[in-house]
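Presented below is the structure to which this report refers.
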Amino acid sequence: MSEHTFATLVRQWYAEHARDLPWRKPDVGPWAILVSEVMLQQTPVARVVPAWAAWLVRWPEPADLAADTPAEAIRMWGRLGYPRRAVRLRDCAVAIVERHGGRVPDRLEQLLALPGVGTYTARAVAAFAYGQRHPVVDTNVRRVVCRAVAGEPDAGPATRPADLVATEALLPVEPAAAALTSAAIMELGALVCTARSPRCGTCPVESICAWRASGQAVPAGPTRRPQRYAGTDRQVRGLLLGVLREATGPVPHQRLDQVWADDVQRSRALSGLIQDGLVEPVGGSSFRLVGDGPPVPVLP
DNA sequence: AACCCGTGGTG
DNA sequence: TCACCAAGGGT
């Protein structure tokens, strides 16, 4: 298969079928791109769209978020899930102010050093916000490349160096075209080459797809461990945080006690929230979102 | 490396 | 219906 052909076909398909997502518009800056990427970590696009817009209205630049409390970040995060990301995003804003003068850095190494920014997000920002030529490999890209190029059923549990190498080989030399190609492959994985029921009939690379040619083998075992939720600490954390999020300021522990009957598990969940920087004890028997409280009166 | 971390839509 | 899972990161 020709790498050039693959990239060209996918880009042509993208030009016609790409979703009109707000963070793909021309004048969207690096900070807005970064916020979108963090929100999209394990949260579906449809739920991110409105949250992203509201977030940027309130905090148009990293310094704006850095100056506000973790509590407000957690509230604004709403119900996107994994609220640790809200705290890390604020930590990230603080780091951008302290290390980079309030501007989102453009070097991969600097991006990777930011809180909540890993292999995928760093590359996504470098490519989509700054037009650099880096392979951007998320679960969609991994699946597409694994299938189309290697002809294998599916990718491994996490991004590996080999995935970056395989994807890099598909990218055109010109940086802007490479970034566009990455976005296009990602979109193809999201809309056509999906995990569960791929729509090969509408796929632009069906004729050169190694997986299609080999009969679309199905993964041998379960791709990953099933996510369980009901009855777990995660559910209890979610319930506790829900109460704290709706309250203003400290909440007496008695009110938190009502969300879950098992004392041991509830305590463990609360400790976890404190450990993660989401919640803090106040006055011995109450708890609040970190930094939450009445506004500081402005002195005359 | 394996496991933990939320939430809500859906086939 | 309910198991599955969606632009990952941290430890």
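Below, chains carry the letters A, B, ... as their sequence lines are ordered, and counting in each starts from 1.
Near DNA chain C, meaning a heavy atom under 4.0 Å from it, residues 132-144 of chain A has A/D138, A/T139, A/N140 in order of number. For DNA chain C, the residues of residues 21-40 of chain A within the heavy-atom distance limit of 4.0 Å (strictly under) are A/L21, A/W23, A/R24, A/E37, A/L40, sorted by number. Taking every heavy atom of residues 229-256 of chain A and every atom of DNA chain B, pairs under 4.0 Å involve A/Y229, A/D233, A/R234, A/R237, A/G238, A/R245, by number. Across residues 43-65 of chain A, A/T43, A/R47 each have a non-hydrogen atom less than 4.0 Å from an atom of DNA chain B (numbered order).
Between atom CG of residue A/L89 and atom CE of residue A/M39 there is a gap of 7.0 Å, rounded to the nearest 0.5 Å. With rounding to the nearest 0.5 angstrom, the CZ atom of A/R123 is 9.5 Å from the OG1 atom of A/T159. Rounding to the nearest 0.5 Å gives a distance of 9.5 Å between CG of A/L80 and CG of A/L40.
When the P atom of C/dA7 is taken as reference, atom OH of A/Y82 falls 13 Å away, rounded to whole Å. As a whole-Å value, the separation of A/M186 CE from C/dG8 C1' is 12 Å. Following rounding to the nearest Å, A/R123 (CZ) and C/dA7 (C1') show an atom-to-atom distance of 15 Å. Going from atom CG of A/D163 over to atom P of C/dG8 covers 13 Å, rounded to whole Å. In this structure, the CD atom of A/Q41 is 8 Å from the P atom of C/dG10, given to the nearest Å. Per the geometry, CZ belonging to A/R84 stands 10 Å off C1' belonging to B/dG6, to the nearest Å. Between A/L111 atom CG and C/dG8 atom P the separation is 17 Å, expressed in whole Å. The interatomic distance linking A/L89 (CG) with C/dG8 (C1') rounds to 14 Å, in whole Å.
At a threshold of 4.5 Å between non-hydrogen side-chain atoms, the residues A/L241 and A/L289 count as touching. No side-chain heavy atom of A/C193 sits under 4.5 Å from any side-chain heavy atom of A/I185.
Separating the P atom of B/dG11 from that of C/dA7 is a span of 14 Å, rounded to the nearest Å. Taking atom C1' on both C/dT1 and B/dG8, the two are 16 Å apart, rounded to the nearest angstrom.
Note on A/R58 versus A/E72: salt bridge recorded, some NZ/NE/NH1/NH2 to OD/OE distance being below 4.0 Å. Between A/D68 and A/R90, none of the side-chain N atoms (NZ, or NE/NH1/NH2) sits under 4.0 Å from a carboxylate O, so this pair counts as no salt bridge. Checked for salt-bridge contact, A/R147 and A/E152 miss the test: no charged N lies under 4.0 Å from a carboxylate O. The pair A/D91-A/R88 fails the salt-bridge criterion, with no side-chain N (NZ, NE, NH1 or NH2) lying under 4.0 Å from an Asp/Glu carboxylate O.
The nearest heavy atom of DNA chain B to A/L278 and to A/R196 marks one nucleotide each, and the one closer to the 5' end goes with A/L278. Taking the nucleotide of DNA chain C with the nearest heavy atom to each of A/L114 and A/R19, the more 5' of the two is matched to A/R19. Mapped onto DNA chain C by nearest heavy atom, A/A195 and A/L112 fall at different nucleotides, with A/A195 at the one closer to the 5' end.
Side-chain rings of A/W31 and A/W59 stay apart, their centers remaining 6.0 Å or farther from each other.
Judged as a salt bridge (charged side-chain N to carboxylate O under 4.0 Å, His left out), the pairs with a partner in residues 174-190 of chain A (not counting sequence neighbours) are, in order, A/R19-A/E187, A/R24-A/E187.
Defined by atom type and a distance below 3.5 Å, a donor-acceptor pair is present between the side-chain atoms of A/D233 and A/Q265. No side-chain N or O of A/Y120 forms a donor-acceptor pair with one of A/Q41 less than 3.5 Å apart.
Remark: A/R79 is in phosphate contact with B/dG8, judged by side-chain N or O atoms under 4.0 Å from OP1 or OP2. For A/Q42, a side-chain nitrogen or oxygen approaches OP1 or OP2 of C/dG8 to under 4.0 Å.
Residue-level contact check: A/T121 touches the backbone only, with heavy atoms under 4.0 Å from sugar-phosphate atoms and none from bases. A/G81 comes within 4.0 angstrom of a base, heavy atoms only.
A/W260 approaches A/G231 most closely through the heavy-atom pair CH2-CA, 4.0 Å.
With sequence neighbours left out, the side chain to side chain donor-acceptor pair (under 3.5 Å) criterion links A/S182 to no other residue.
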